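When reading the values below, keep in mind they use all heavy atoms of this one structure, side chains included, and skip hydrogens, waters and symmetry mates. Quantities reported herein were computed from a predicted structural model and do not represent experimental measurements.
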Amino acid sequence: MDVVNNICQFLSASTNHTFMILWAIGVLFFIIMEFITLGLTHIWYAFGCILAGIAAYNDVSIFLQLVIFIVSSTVLVLLTRPIAEKHVNGKTKKTNIDRLIGQTAIVKETINNKKEQGVVRINGMDWTARAEEIDEVILKGKPVEILDIQGIKLIVRKKK
């Protein structure tokens, strides 16, 4: 109970200058957390602290400062985070390896999934290959179509 009384005494005796400092500490805290996590979440809380700090500068009550912080941070997270995530996470680039899908390769070593064997050659490079169907065996010298890439293995089927 003493902790609650101490907090209440602090809040009632504090000036808005004190709250401006606390909001500035909050800004620093959330910026550091953003650098640590890189999740595009904490930065919006830092902006909320800035707005609450501006409210403190203008002698707004602590209750209203908290409302400004909570509402502004929530609105910023809900409205801007999905957009920011799309721009940050949506910038994955396809590599040249994706161009192999749909192309034809030649079996250099018989493909047998059960024996975990198989090599194909495409564009002068040898690749580990597995057949699309688990029981299928594709003999050396046969043309195959590349269907997918799983790790460093090409998934293929006999070319018709």
Side-chain angles (χ1 to χ4, degrees), residues 3 7 19-57 62-160:
V3 174
I7 291 172
F19 290 115
M20 286 173 40
I21 293 170
L22 290 175
W23 289 119
I25 292 169
V27 169
L28 293 174
F29 171 77
F30 286 117
I31 288 174
I32 290 168
M33 290 303 295
E34 184 63 35
F35 279 118
I36 292 171
T37 62
L38 298 174
L40 290 174
T41 301
H42 296 94
I43 194 69
W44 311 125
Y45 293 104
F47 283 121
C49 285
I50 291 169
L51 294 175
I54 292 169
Y57 177 78
I62 183 62
F63 176 75
L64 195 53
Q65 291 174 38
L66 288 171
V67 169
I68 289 169
F69 168 73
I70 292 168
V71 170
S72 63
S73 298
T74 303
V75 167
L76 285 169
V77 168
L78 293 175
L79 294 180
T80 60
R81 189 166 187 266
I83 295 167
E85 253 187 357
K86 186 171 114 178
H87 289 294
V88 171
N89 296 335
K91 294 196 184 244
T92 55
K93 294 182 180 178
K94 288 190 171 188
T95 61
N96 290 334
I97 197 169
D98 296 319
R99 295 181 188 167
L100 296 177
I101 296 174
Q103 290 190 15
T104 301
I106 302 298
V107 178
K108 188 173 176 189
E109 178 185 308
T110 298
I111 299 172
N112 186 331
N113 291 353
K114 289 183 179 181
K115 293 183 180 180
E116 295 185 5
Q117 295 176 337
V119 175
V120 297
R121 177 168 284 207
I122 183 163
N123 298 334
M125 294 185 66
D126 292 343
W127 289 82
T128 302
R130 296 294 178 259
E132 175 184 35
E133 300 296 325
I134 194 87
D135 294 332
E136 186 175 19
V137 174
I138 305 173
L139 300 175
K140 180 179 178 179
K142 299 289 183 183
V144 291
E145 178 184 3
I146 300 169
L147 303 174
D148 193 15
I149 301 167
Q150 294 179 357
I152 59 170
K153 296 178 185 168
L154 302 180
I155 307 301
V156 301
R157 72 171 162 222
K158 288 181 188 176
K159 185 86 174 181
K160 298 181 185 205

Between [X] and [Y], which heavy-atom pair has the shortest distance, and what is it?
X: K108; Y: D126; result: NZ-OD2, 2.6 Å
X: G48; Y: S73; result: CA-OG, 3.4 Å
X: A55; Y: Q65; result: CB-CG, 4.1 Å
X: E132; Y: E136; result: N-OE1, 4.4 Å
X: A105; Y: I122; result: CB-CB, 3.9 Å
X: I111; Y: A131; result: CG2-N, 3.5 Å

Between [atom1] of [X] and [atom2] of [Y], what distance do you get to the nearest 0.5 Å?
X: Y45; Y: I50; atom1: OH; atom2: CD1; answer: 15.0 Å
X: R130; Y: D148; atom1: CZ; atom2: CG; answer: 14.0 Å
X: M33; Y: I43; atom1: CE; atom2: CD1; answer: 12.5 Å
X: N113; Y: K153; atom1: CG; atom2: NZ; answer: 9.0 Å
X: L154; Y: L100; atom1: CG; atom2: CG; answer: 6.5 Å
X: I31; Y: I36; atom1: CD1; atom2: CD1; answer: 12.5 Å

Can you confirm whether more than 12 heavy atoms, excluding those of I152, are under 6.0 Å from its CD1 atom? no

With the side chain counted from C-beta on, respond yes when [X] and [Y] share a heavy-atom pair under 4.5 Å apart, and no when they do not.
X: K114; Y: N112; answer: yes
X: K142; Y: K158; answer: no
X: W23; Y: I54; answer: no
X: T110; Y: V137; answer: yes

Only residue of I68, I62, L66 satisfying side chain to side chain contact (heavy atoms under 4.5 Å, CB included) with L64 is I68

For this session: Please state whether the rings of H42 and F30 are parallel, tilted or perpendicular, taking 30° and 60° as the class boundaries.
Result: parallel

With sequence neighbours left out, the residues meeting side chain to side chain donor-acceptor pair (under 3.5 Å) with T104 are K159

Sequence neighbours excluded, the answer for side chain to side chain donor-acceptor pair (under 3.5 Å) partners of N123 is none

